[in-house]
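Below, each value reflects all heavy atoms present in this structure, side chains not excepted, and no hydrogens, waters or symmetry copies. Whatever order the structure lists ligands and atoms in, that order sets their numbers, starting from 1.
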Amino acid sequence: MTNTQVTHVQIDNYGPWTVTPEPRREVDLQTLQSRLYADLSQLFGNRNGYVFFSRFDNMIAVTNGLDVDDHAMIQESVGNRYPVTMSMAVATGTTPVKALGDATSELQAAGSAQDEHRREILQGRTIDEEFRTEADVQIAHFDVNDATGKYTDELNEFDTFIRIEQGYAELMRYMRRAHGSLSFFVGGDNVIAVCPDLDGDDYRDAIDHVNEAVDVDLKVGVGRGRTAQNAGMAAKHALEECRATGADVELDF
Ligand SMILES: Nc1nc2c(ncn2[C@@H]2O[C@H](COP(=O)(O)OP(=O)(O)OP(=O)(O)O)[C@@H](O)[C@H]2O)c(=O)[nH]1
C-alpha cells in the first residue's frame, strides 16, 4: 500500500511583492522563480525527494524520507538567500491527491497566500521511520511515443509544444480524476505522475483515454520505492524496458 508524503510549498505574499512598490521587471521574476525551483530541486533532491514546479509560486514535493527538521532547514536556507520567504505544509496519505489536499488545507487554515503576516509557516507530520516501506511511493514516467519523429523534426516548435501540452493536460486531468494521481510536465515529452497503488490495467486505461481524447500516443514505465528518487529511477528503467520490448506499459514490481 502506498503512503505518499507530499509537501505543498508556497511563496509568501508573492503577488503583492511582484508589484511593490511598482511592478517588477518580468525577467527578474522569471529568474527568481526558475532559480528557486532549481535550488529546491537540489535541496529536496539531495534528500531523495522530488519537487515539481506546478505554478512556480506554488510547488509540490514528494518528500518521503524527509522529516520536519529537513523541511525547516530548506525553508531557512531559502529565507536567507532570497528576497521572498516560503511556507510549507506536509501531509501523508494512501493517495497523493488526498495527501496534497490535506497539506493545502493546512496552509489555507494558516492564512491567505497574500497575507503579509503569514510567513514561513511550517506545518504537518511526516512518516515515522519505523513505518516506512519499499512500497510507499509509486511513480509513473510517461513519454510520448516517437515525439521526435512525429513532432520535433516535423512541426514548428510552437505547434509541437501545443501537441505535447494537450497530451499533458488530458493526462493530468484524467489521472487526477480517475486514479488519484498527481502528474507533472518535466520537460521534453515527459510527464511524471505520483500515484497510489495502481496496476497495469489502470495505466493502460489512462493511455487509451489520452489517445482517444487528443490523439497523443503514450507509453509508461512504473516504479516503486521508499523515496521519490528510488521509485523515479525504477520508473525510468521500466520505461527503457518499454523501449526495448515495444510494450506500452512496464511495471518494475
Ligand atoms: N525530464 C526528462 N526529459 C527527458 C527524459 N528522457 C527524454 N527527455 C526529453 O524528451 C525528449 C524526447 O526524447 P525521447 O522521449 O527519448 O524521444 P522520442 O522521439 O519520443 O522517442 P521514444 O521515446 O523512444 O519513442 C528529449 O529530447 C528530452 O528533452 C527524462 O528521463 N526526463
Heavy-atom nearest neighbour in the protein, as seen from [atom], with distance rounded to 0.1 Å:
atom	answer
atom 24 (O) of ligand 1	Arg243 NE, 3.0 Å
atom 13 (O) of ligand 1	Asp189 OD1, 4.1 Å
atom 25 (O) of ligand 1	Asp146 N, 2.7 Å
atom 31 (O) of ligand 1	Lys236 NZ, 2.8 Å
atom 17 (O) of ligand 1	Thr148 OG1, 3.6 Å
atom 22 (P) of ligand 1	Lys219 NZ, 3.4 Å
atom 15 (O) of ligand 1	Asp143 OD2, 2.6 Å
atom 30 (C) of ligand 1	Asn190 OD1, 3.3 Å

### Query
Can a salt bridge be assigned to the pair Lys219 and Asp143 using a cut-off of 4.0 Å between side-chain N and carboxylate O?
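Result for this pair is yes, salt bridge flagged.
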### Message
I'd like to know if Arg25 and Asp28 make a salt bridge, using a cut-off of under 4.0 Å between side-chain N and carboxylate O.
### Response
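Yes, this pair counts.
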### Message
Under 4.0 Å from atom 9 (C) of ligand 1, can you find at least one protein heavy atom?
### Response
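It does: a protein heavy atom is found less than 4.0 Å away from atom 9 (C) of ligand 1.
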### Query
Any side-chain heavy atom of Arg163 within less than 4.5 Å of one from Val216?
yes
### Query
Would you say Asn211 and Leu218 make side-chain contact, with heavy atoms under 4.5 Å?
no
Considering only heavy atoms of [X], which atoms of ligand 1 have at least one such atom less than 4.0 Å away?
X	result
Val144	20 (O), 23 (O), 25 (O)
Asn145	25 (O)
Gly188	9 (C), 10 (O), 29 (O)
Val186	1 (N)
Ala147	18 (P), 19 (O), 20 (O)
His141	30 (C), 31 (O), 32 (N)

### Task
Check the angle between the aromatic planes of Phe56 and Phe53 and answer parallel, tilted or perpendicular using the 30° and 60° thresholds.
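Ring orientation of Phe56 relative to Phe53: parallel.
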### Message
Can you tell me how the ring of Tyr50 sits relative to the ring of Phe52, calling it parallel under 30°, perpendicular over 60° and tilted otherwise?
### Response
perpendicular
### Query
Taking it one step at a time, do Asp12 and Ser87 satisfy side-chain hydrogen bond (donor to acceptor under 3.5 Å, both in side chains)?
CA-CA 6 Å; Asp12 293 317; Ser87 286; 2.6 Å; yes
### Query
What do the steps show when you test Ser77 against Arg81 for side-chain hydrogen bond (donor to acceptor under 3.5 Å, both in side chains), and what is the final call?
CA-CA 6 Å; Ser77 176; Arg81 288 182 293 123; 2.9 Å; yes
#### Entry: Greater than 12 external heavy atoms within 6.0 Å of Tyr82's OH
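Yes, OH of Tyr82 has more than 12 neighbouring heavy atoms, counting only those of other groups under 6.0 Å.
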### Intermediate values then yes/no, side-chain hydrogen bond (donor to acceptor under 3.5 Å, both in side chains), Thr160 and Thr152
CA-CA 6 Å; Thr160 294; Thr152 312; 5.2 Å; no
